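Computed from a prediction, not measured in an experiment: that's the story for all the values here.
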Amino acid sequence: MSDDIEFDRSATAPPGEVVQLSRLVRRLIAGNGGPMTFTGTCSYIVGQGKVAIIDPGPEDGAHLAGLLSAVSGETVSHIVVTHTHRDHSPGARALKAATGAEIVGCGPHRPFRDLAAGEATRLDAAADSEHAPDRLMAEGDGVTGPGWSLLAIETPGHTANHLAFALPEEETLFSGDHVMAWSTTIVAPPDGSMAAYMASVEKLRGMEHALYRPGHGGPVTEPQRFLRGLVQHRRQREAAILGRLRAGDERISAMVPPIYQGLPPALHGAAALSVLAQLEDLVLRGIVTCDEAVPGLGSRYRTA
């Protein structure tokens with residue numbers, strides 16, 4: 001069986017519609033669909049009667065109203081957050097105000113590294129710097145309710161504070177933005193780290209879950225096969241970058257068009273950040289050299 005990634009970009013339920021996915025899991029999609037969020041952020045309701053809500057999404061009154069309607073007559077005990085991007089965590093504060101539930105999960109937003117001299121804070125618009133959980137969860141920490149439990153698994157890479165959550169009762173992993181069926185995950189420095197991301201992928205390859213429920217799009221139904229495909233994809237992308245360096249391209253701006261042929265121009269900025277993440281890792285491993293102490297979008301790169 002091939003380990004190539006087979007993306008599933010089929011439409012999920014429309015925003016605002018509560019879907020019962022399994023005995024323990026319901027899903028409501030926020031109305032924030034777009035090039036980086038696919039059909040919108042998936043908020044998951046876990047349990048019946050006394051429930052947890054995973055990733056309540058952006059600051060969106062309509063989505064908040066939908067979540068509250070979905071759990072009418074139930075008690076929300078925990079608001080669980082995978083990471084601090086504005087499409088996942090800001091809704092937690094309004095949901096807490098409405099329900100009294102505690103916010104648990106990832107810690108405050110932080111980048112993997114400090115900004116280099118002259119480096120712009122490109123991802124400020126994406127970061128939720130106001131996130132402050134009531135209880136920080138680390139590897140192996142859990143929350144429970146009647147017939148369900150959620151266990152934290154540290155999966156840094158997309159962000160430094162990214163967590164996934166296992167639901168052992170259904171052999172399911174809520175994978176946040178770490179692994180998604182519709183697309184590869186953007187890893188964009190300084191928020192993201194390719195070295196950490198790939199280490200987290202390898203970590204999940206050592207675990208057994210029957211199904212992933214991501215932060216965007218539909219489920220990953222064959223997790224181990226998909227993870228193998230992600231590893232192969234990153235190796236291919238790394239080989240393409242090294243090929244461009246050997247062809248004489250020294251800057252990321254020259255590498256993006258031939259590597260990402262057919263990509264809409266509106267996504268070239270995200271692609272450039274992904275190339276930067278790969279180059280940071282290659283420099284760290286001594287395979288590529290950079291003319292600056294901290295690799296950046298405008299730096300010059302050469303093979304070592």
Could you tell me whether the side chain of Ser200 and the main chain of Ala196 form a donor-acceptor pair under 3.5 Å? yes
Is there side-chain contact between His209 and Ile153, with at least one heavy-atom pair below 4.5 Å? yes
Leu67 side chain reached by Val76 side chain, heavy atoms, under 4.5 Å: no
Does any N or O in the side chain of Gln224 come within less than 3.5 Å of the main-chain N or O of Met207, such that one atom is a donor and the other an acceptor? yes
Sub-3.5 Å donor-acceptor pair from the side chain of Arg302 to the main-chain atoms of Gly248, do we have one? no
Apply side chain to side chain contact (heavy atoms under 4.5 Å, CB included) to residues Thr185 and Val179 and explain how you reach the verdict. CA-CA 7 Å; Thr185 297; Val179 180; 5.7 Å; no
I'd like to know if Arg228 pairs up with Glu6 as an ion pair, taking the criterion as any Lys NZ or Arg NE/NH1/NH2 lying under 4.0 Å from an Asp or Glu carboxylate oxygen. no
In terms of heavy-atom contacts, does CZ of Arg23 have more than 12 from other residues, nucleotides or ligands at under 6.0 Å? no
Could Arg300 and Glu292 be called an ion pair, given the rule that one side-chain N must be under 4.0 Å from one carboxylate O? no
Report the C-alpha distance between Phe7 and Thr184 in whole Å, list the side-chain angles of each, state the deciding distance to 0.1 Å, and finish with yes or no for side chain to side chain contact (heavy atoms under 4.5 Å, CB included). CA-CA 9 Å; Phe7 293 118; Thr184 55; 3.6 Å; yes
Any donor-acceptor pair under 3.5 Å linking the side chain of Ser149 with the backbone of Thr144? no
Going through the checks in order, is the salt bridge (charged side-chain N to carboxylate O under 4.0 Å, His left out) test met by Glu139 and Lys203? CA-CA 12 Å; Glu139 183 77 18; Lys203 179 179 182 177; 2.7 Å; yes
Any luck finding a side-chain donor-acceptor pair between Ser89 and Thr84 under 3.5 Å? no
According to ring pair (Phe, Tyr, Trp, His ring centres under 6.0 Å), who are the partners of Phe38, at least two apart in sequence or on a separate chain? Trp182
Would you say the side-chain atoms of His131 pair up with the backbone N or O of Arg86, donor to acceptor, closer than 3.5 Å? no
Side chain to side chain donor-acceptor pair (under 3.5 Å), that's the test. Do His83 and Thr159 meet it? Break it down for me. CA-CA 7 Å; His83 67 290; Thr159 59; 5.3 Å; no
Show me the pairs that pass salt bridge (Lys or Arg N to Asp or Glu O under 4.0 Å) and involve residues 53-71, at least two apart or across chains. none
Between His109 and Asp191, is any pair of side-chain heavy atoms under 4.5 Å apart? yes
Please indicate whether Lys50 has more than 12 foreign heavy atoms, meaning atoms of other residues, nucleotides or ligands, lying under 6.0 Å from its NZ. no
Hey, can you tell me if Trp148 and His78 have their rings parallel, tilted or perpendicular (30° and 60° cut-offs)? perpendicular
Residue pair Leu163 / Met137, side-chain heavy-atom distance below 4.5 Å: yes
Is the shortest distance from a Lys or Arg side-chain nitrogen in Arg205 or Glu202 to a carboxylate oxygen in the other one below 4.0 Å? yes
Quick one: does Leu151's side chain get under 4.5 Å of Pro168's, heavy atoms only? yes
May I ask you to test the Leu282-Ile241 pair for a side-chain heavy-atom distance under 4.5 Å? yes
When you compare the side chain of Val81 with that of Pro133, does any pair of heavy atoms fall below 4.5 Å? no
Validation row: Ser193, Pro156 side chains within 4.5 angstrom (heavy atoms): no
Could you check whether Glu102 pairs with Arg135 (Lys NZ or Arg NE/NH1/NH2 to Asp/Glu carboxylate O, under 4.0 Å)? yes
Can you check whether Asp87's main-chain N or O pairs, donor with acceptor, with Thr41's side chain at less than 3.5 Å? yes
Just by distance, do the side chain of Thr99 and the backbone of Ala101 share a donor-acceptor pair under 3.5 Å? yes
Contacts satisfying salt bridge (Lys or Arg N to Asp or Glu O under 4.0 Å) that involve residues 143-171 (not counting sequence neighbours) are none
Chi angles and distances behind the salt bridge (charged side-chain N to carboxylate O under 4.0 Å, His left out) call for Arg27, Glu17: CA-CA 8 Å; Arg27 182 188 63 203; Glu17 180 179 325; over 6 Å; no
Main-chain N/O of Ala138 paired to Asp141 side chain as donor or acceptor, under 3.5 Å: yes
Proximity of Tyr197 and His178 rings by center, below 6.0 Å: yes
Heavy-atom donor-acceptor pair, His216 side chain to Gly40 backbone, under 3.5 Å: yes
Quick one: does Arg213's side chain have a donor or acceptor within less than 3.5 Å of a partner on Ser175's backbone? no
Are His158 and His88 an aromatic pair by the rule of ring centers under 6.0 Å? no
